[in-house]
Number of protein chains: 2
Amino acid sequence: MSEDINKSLLTNGVIETLQVIGGKWKPVILYILLTEGTKRFGELRRMMPTITQGMLTNQLRELERDGMIVRRVYQEIPPKVEYFISDYGQTLSTVLGDMCGWGFQHLEYKKNKERQDQISNE
Amino acid sequence: MSEDINKSLLTNGVIETLQVIGGKWKPVILYILLTEGTKRFGELRRMMPTITQGMLTNQLRELERDGMIVRRVYQEIPPKVEYFISDYGQTLSTVLGDMCGWGFQHLEYKKNKERQDQISNE
DNA sequence: CTGGATCCAAAATGATACTG
DNA sequence: CAGTATCATTTTGGATCCAG
């Protein structure tokens with residue numbers, strides 16, 4: 001056992017998940033599409049004021065390539081493109097929900113620790 | 001609603017989690033310590049053949065700073081240092097378990113898709 | 001044995017200008 | 001409107017050498 005931990009299925013599972021939802025913007029995009037449904041490119045951009053167009057395009061393409069979201073193009077002038085979570089992408093909701101929960105608890109934990117550190121410095 | 005999605009608690013939760021368990025090696029380290037218990041520095045290094053000493057030290061320090069693992073130093077010559085999951089770090093096991101599960105399913109999904117793609121090319 | 005310090009390479013992200 | 005293309009910057013990871 002444990003002679004080559006990198007080949008462990010469990011470990012690979014976490015890393016695989018990280019490759020799909022990791023990155024600075026993917027969780028945000030997934031969260032928006034999961035909670036608010038279909039969005040157009042411009043809507044997403046306005047909801048993430050600090051992302052650049054290039055990055056948004058990039059992250060959306062990767063999520064689409066991995067099968068998490070669907071890109072629907074309307075052949076119109078001016079162009080119109082919509083994005084929404086695929087059926088398969090819905091399976092992420094549990095994982096993302098758990099990560100949300102843990103992260104939120106952790107933020108509380110950190111706040112409390114800071115407070116205690118301040119008190120012990122007085 | 002949704003005027004500044006970055007401030008959303010849910011979104012922040014995922015990102016916070018990613019900051020603690022993200023990175024190329026942290027999931028592996030956490031997995032080892034969660035499943036096999038206490039390990040010495042050298043043991044961890046041998047179990048991750050491709051990690052460098054510097055990176056291992058680095059990742060362990062960050063996990064310690066975030067309160068996920070405990071570093072126990074024995075004042076001996078030669079030095080001996082042990083690492084193990086903290087009580088607080090145990091709370092990660094659910095999240096990591098879910099990520100493992102999803103990632104593993106996803107690997108299967110990808111394998112099946114590849115097979116189908118090959119068939120349709122014949 | 002553990003791991004600090006330094007330098008270097010690669011990858012992720014960001015800014016800006018341009019296009020059908 | 002929804003991108004593409006290019007270049008700059010930042011972050012992350014890796015290699016190597018040194019030390020208690």
Side-chain angles (χ1 to χ4, degrees), chain A residues 5-6 11-12 14-33 38-66 68-84, chain B residues 5-6 11-12 14-33 38-66 68-84:
Chain A
I5 202 74
N6 282 306
T11 305
N12 274 347
V14 181
I15 291 171
E16 181 66 20
T17 303
L18 249 24
Q19 296 203 340
V20 175
I21 68 168
K24 187 165 176 183
W25 299 106
K26 283 183 192 170
V28 183
I29 295 169
L30 290 168
Y31 169 68
I32 294 174
L33 296 181
T38 302
K39 290 287 171 197
R40 292 185 59 174
F41 184 86
E43 291 180 291
L44 287 170
R45 199 153 78 91
R46 279 190 292 281
M47 294 170 84
M48 297 180 276
T50 58
I51 198 174
T52 59
Q53 280 185 334
M55 277 305 297
L56 182 53
T57 301
N58 201 294
Q59 305 285 293
L60 287 168
R61 287 293 186 285
E62 290 188 17
L63 288 170
E64 186 197 8
R65 181 204 58 198
D66 292 336
M68 302 304 128
I69 66 176
V70 179
R71 178 169 179 263
R72 186 192 289 151
V73 182
Y74 295 82
Q75 291 296 351
E76 304 173 356
I77 304 289
K80 176 177 172 183
V81 180
E82 286 179 346
Y83 296 90
F84 56 93
Chain B
I5 203 74
N6 281 305
T11 305
N12 274 345
V14 181
I15 291 171
E16 181 66 22
T17 303
L18 249 25
Q19 297 202 341
V20 175
I21 68 168
K24 187 164 176 182
W25 299 106
K26 284 183 192 171
V28 184
I29 295 169
L30 290 168
Y31 169 70
I32 294 175
L33 296 181
T38 302
K39 290 288 170 197
R40 293 186 58 176
F41 185 85
E43 290 180 291
L44 287 171
R45 200 154 78 88
R46 279 189 293 280
M47 293 170 84
M48 295 180 277
T50 57
I51 196 174
T52 60
Q53 282 184 335
M55 277 305 297
L56 181 54
T57 301
N58 203 292
Q59 304 287 292
L60 287 168
R61 286 293 184 286
E62 290 188 15
L63 287 170
E64 186 198 8
R65 181 205 59 197
D66 292 336
M68 301 304 126
I69 67 175
V70 180
R71 177 167 178 263
R72 186 192 288 151
V73 182
Y74 294 83
Q75 291 297 351
E76 305 172 354
I77 304 288
K80 175 179 174 185
V81 181
E82 286 179 348
Y83 296 90
F84 56 94

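Chain letters run A, B, ... following the sequence lines, proteins first and then strands; every chain starts at 1. Since the structure is predicted, the reported quantities are computational estimates derived from the model, not experimental observations.
- Note: OH (A/Tyr83) to P (D/dC1) measures 14 Å, nearest angstrom.
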Which pairs, protein N/O on one side and nucleotides 5-12 of chain D N/O on the other, fall under 3.5 Å?
none

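- Taking the side chain as every heavy atom from C-beta outward, A/Asn58 and A/Glu62 approach each other to under 4.5 Å.
- The overall bend of the helix from C/dC1-D/dG20 to C/dG20-D/dC1, read as the angle between its terminal helix axes built from five base pairs each, is 40° when rounded to 10 degrees.
- Note that CZ of A/Arg45 and CD of A/Gln53 are 4.0 Å apart. Values are rounded to the nearest 0.5 Å.
- At least one side-chain nitrogen or oxygen of A/Arg40 sits closer than 4.0 Å to the OP1 or OP2 atom of D/dA2.
- When all heavy atoms of B/Lys26 and B/Val20 are compared, the pair lying nearest together is CD-O, 3.2 Å.
- Scanning all heavy atoms of the two residues, the minimum distance from A/Ile21 to B/Leu18 falls at O-CD2, 4.3 Å.
- Counting to the nearest Å, the C1' atom of D/dG14 and the CH2 atom of B/Trp25 are 10 Å from each other.
- Contact detail for A/Val28 and A/Met48: the closest heavy-atom pair is CG1-SD, 3.7 Å.
- Rounded to whole angstrom, the span from the CZ atom of A/Arg72 across to the P atom of D/dG3 amounts to 14 Å.
- Between A/Arg71 and the phosphate of D/dG3, there is a side-chain N or O to OP1/OP2 separation shorter than 4.0 Å.
- Between A/Met55 atom CE and D/dA2 atom C1' the separation is 17 Å, expressed in whole Å.
- Counting heavy atoms from C-beta on, the side chains of B/Leu44 and B/Tyr83 come closer than 4.5 Å.
- Between atom OG1 of residue A/Thr50 and atom NZ of residue A/Lys24 there is a gap of 6.5 Å, rounded to the nearest 0.5 Å.
- Residue A/Tyr74 is out of contact with every strand shown, counting any heavy-atom pair closer than 4.0 Å.
- The side-chain heavy atoms of B/Arg61 and B/Arg71, taken from C-beta on, include a pair separated by under 4.5 Å.
- For A/Asn58 and D/dG3, the CG to P distance is 12 Å, given to the nearest whole Å.
- Where DNA chain C meets chain B (any atom under 4.0 Å from a heavy atom), the bounding nucleotides read 5' to 3' are C/dC1 to C/dG4.
- B/Leu30 approaches B/Met68 most closely through the heavy-atom pair CD2-CB, 4.3 Å.
- Distance check: A/Met47 CE to A/Ile29 CD1 gives 11.5 Å after rounding to the nearest 0.5 Å.
- In this structure, A/Gln75 places its CD atom 11 Å from P of D/dG3, rounding to the nearest Å.
- Going from atom CD1 of A/Ile51 over to atom C1' of D/dG3 covers 14 Å, rounded to whole Å.
- As rounded to whole Å, 18 Å separates atom C1' of D/dG13 from atom CZ of B/Arg61.
- Looking only at side-chain heavy atoms (C-beta outward), B/Val70 and B/Phe84 come within less than 4.5 Å of each other.
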